[in-house]
Amino acid sequence: MPAAVGRRLLSIQEDGARRPSSRAELLHLLRECSLSCGRNRVESLLGRRDYSSAELSEKLRTDGYPTSVVEELVERAVSCGLVDDARFGASFARSKVASGWGRLKIERELERRGISPDAIDGWPEEYVSSDAERERALSLARRRRLTGKNDYEKTVRFLCGRGFSLSLSAEVARDVLSEDE
């Protein structure tokens, strides 16, 4: 049981409200308190940043809300337009492209957050063209300080870690090292 629900139930008891006379009444009161506190939690979370429906569900489950309450709260947030996986995915992808992430890393992160990259309109053509991705990789690789020891391997590993494909990373590393000579 989430702490907020427990506090709400205690405040009801302290206010001298009529206590539930049966198990059914207690369960009904518990569900109503869970829904009310859950709505407040959803508003609080979404007031700070956008979430995918899977992230929001996980957050509420971690807080201790029952699965039925979590499903109802997330379904309500989706139907009201507060949570939109396509909107979240598009915003996330644009943000990460601007941060220098490669296509593969963005796709992995989207999937980890419960969003299929295919659900995003125009992915990947409108977000990461092959020329633009190569330019981003070159820009990142050129900023790296080369030490003269294993520079090729370090550059390839760095670019792969940023989500660029192995073939692109190797090509860019060769280009950067040939520029340095």
Side-chain angles (χ1 to χ4, degrees), residues 38-63 65 67 70-181:
R39 280 189 293 271
N40 291 340
R41 179 69 172 143
V42 167
E43 288 173 14
S44 172
L45 290 169
L46 293 175
R48 286 186 227 132
R49 75 170 182 92
D50 210 8
Y51 284 86
S52 69
S53 56
E55 282 180 315
L56 186 60
S57 295
E58 182 59 32
K59 200 78 145 151
L60 293 171
R61 277 192 203 96
T62 301
D63 287 349
Y65 289 96
T67 303
V70 169
E71 288 171 358
E72 187 173 330
L73 291 169
V74 171
E75 183 179 312
R76 173 92 171 130
V78 169
S79 69
C80 291
L82 294 173
V83 174
D84 183 348
D85 286 345
R87 180 186 67 217
F88 174 82
S91 173
F92 181 85
R94 275 192 301 277
S95 165
K96 297 311 175 186
V97 165
S99 296
W101 285 24
R103 175 181 171 185
L104 297 175
K105 187 171 183 178
I106 294 170
E107 287 176 350
R108 278 193 307 264
E109 272 302 303
L110 284 169
E111 288 171 356
R112 191 180 69 74
R113 292 166 189 264
I115 299 172
S116 169
D118 299 332
I120 301 171
D121 289 336
W123 178 261
E125 295 82 22
E126 292 180 20
Y127 295 86
V128 287
S129 68
S130 57
D131 293 337
E133 189 166 36
R134 186 179 190 325
E135 287 305 313
R136 276 196 335 277
L138 266 171
S139 173
L140 286 169
R142 286 178 180 145
R143 284 190 246 154
R144 302 267 305 165
R145 191 169 147 246
L146 301 177
T147 61
K149 185 175 183 184
N150 298 327
D151 288 334
Y152 175 79
E153 291 86 358
K154 288 178 183 177
T155 304
V156 170
R157 196 170 29 251
F158 169 73
L159 292 173
C160 285
R162 295 297 290 250
F164 297 99
S165 68
L166 179 61
S167 60
L168 178 62
S169 298
E171 180 184 325
V172 167
R174 279 191 298 274
D175 290 350
V176 167
L177 290 173
S178 67
E179 291 172 2
D180 197 43
E181 293 175 349

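In what follows, every heavy atom counts, from backbone to side chain, and hydrogens, waters and symmetry copies are set aside.
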Seminar exercise, completed: Partner of E55 under salt bridge (Lys or Arg N to Asp or Glu O under 4.0 Å), picked from R113, R112, R61, is R113
Exercise. Closest approach of A119 and A86, non-hydrogen atoms and distance?
Worked result: O-CB, 4.1 Å
Seminar exercise, completed: So CD of E107 and CD1 of I115: to nearest 0.5 Å the spacing works out to 13.0 Å
Seminar exercise, completed: Value for CZ (F92) from CH2 (W101), rounded to nearest 0.5 Å, stands at 4.5 Å
Problem set entry | Non-hydrogen atoms of W123 and A93 that approach each other most closely | CZ3-CB, 3.7 Å
Seminar exercise, completed: Of all heavy-atom pairs linking S169 and L159, the shortest is OG-CB, 3.3 Å
Problem set entry | Heavy-atom side-chain proximity of D121 to E126 below 4.5 angstrom | no
Exercise. Hey, what do you get for CG (L140) to CZ (R162), rounding to the nearest 0.5 Å?
Worked result: 5.0 Å
Exercise. With no hydrogens and no angle check, is any side-chain donor or acceptor of S91 less than 3.5 Å from a backbone partner on F88?
Worked result: no
Problem set entry | From L146 atom CG to D151 atom CG, the distance as rounded to the nearest 0.5 Å | 4.5 Å
Problem set entry | Stepwise side chain to side chain contact (heavy atoms under 4.5 Å, CB included) check, L56 with V42 | CA-CA 8 Å; L56 186 60; V42 167; 4.3 Å; yes
Exercise. Step by step, would you call E179 with R142 a side chain to side chain contact (heavy atoms under 4.5 Å, CB included)?
Worked result: CA-CA 9 Å; E179 291 172 2; R142 286 178 180 145; 2.7 Å; yes
Problem set entry | Heavy-atom pair of closest approach, residues S53 and V74 | CB-CG1, 3.9 Å
For this session: Specify the closest pair of heavy atoms between G89 and L110, including all atoms of both residues, with the distance to one decimal.
Result: CA-CD2, 3.8 Å
Problem set entry | NZ or CZ of R144 within 45° of F158 ring axis and under 6.0 Å | yes
Exercise. In Å, rounded to the nearest 0.5 Å, how long is the span from CG of L104 to CD of E133?
Worked result: 7.0 Å
For this session: Could you list the residues that satisfy salt bridge (Lys or Arg N to Asp or Glu O under 4.0 Å) with R94, not counting sequence neighbours?
Result: none
For this session: Measure the CZ-OG distance between R134 and S165 for me, rounded to the nearest 0.5 Å.
Result: 11.0 Å
Problem set entry | I106 side chain reached by Y127 side chain, heavy atoms, under 4.5 Å | no
Exercise. If you count the non-hydrogen atoms of other residues, nucleotides and ligands that lie under 6.0 Å from CD in E111, is the total more than 12?
Worked result: yes
Problem set entry | Test side-chain hydrogen bond (donor to acceptor under 3.5 Å, both in side chains) applied to E58 - qualifying residues, sequence neighbours left out | T62
Exercise. Does the side chain of R48 pick up a donor-acceptor pair with the side chain of S44 at under 3.5 Å?
Worked result: yes
Exercise. Got L46 and Y51 here, is their nearest side-chain heavy-atom distance under 4.5 Å?
Worked result: yes
Seminar exercise, completed: A141 and T155 have their tightest heavy-atom pair at CB-CG2, 3.9 Å
For this session: Under the side chain to side chain contact (heavy atoms under 4.5 Å, CB included) rule, what do Y65 and K59 come out as? Steps first, then yes or no, please.
Result: CA-CA 9 Å; Y65 289 96; K59 200 78 145 151; over 6 Å; no
Exercise. Is a side-chain donor or acceptor of R87 paired with a backbone partner of G81 at a separation under 3.5 angstrom?
Worked result: yes
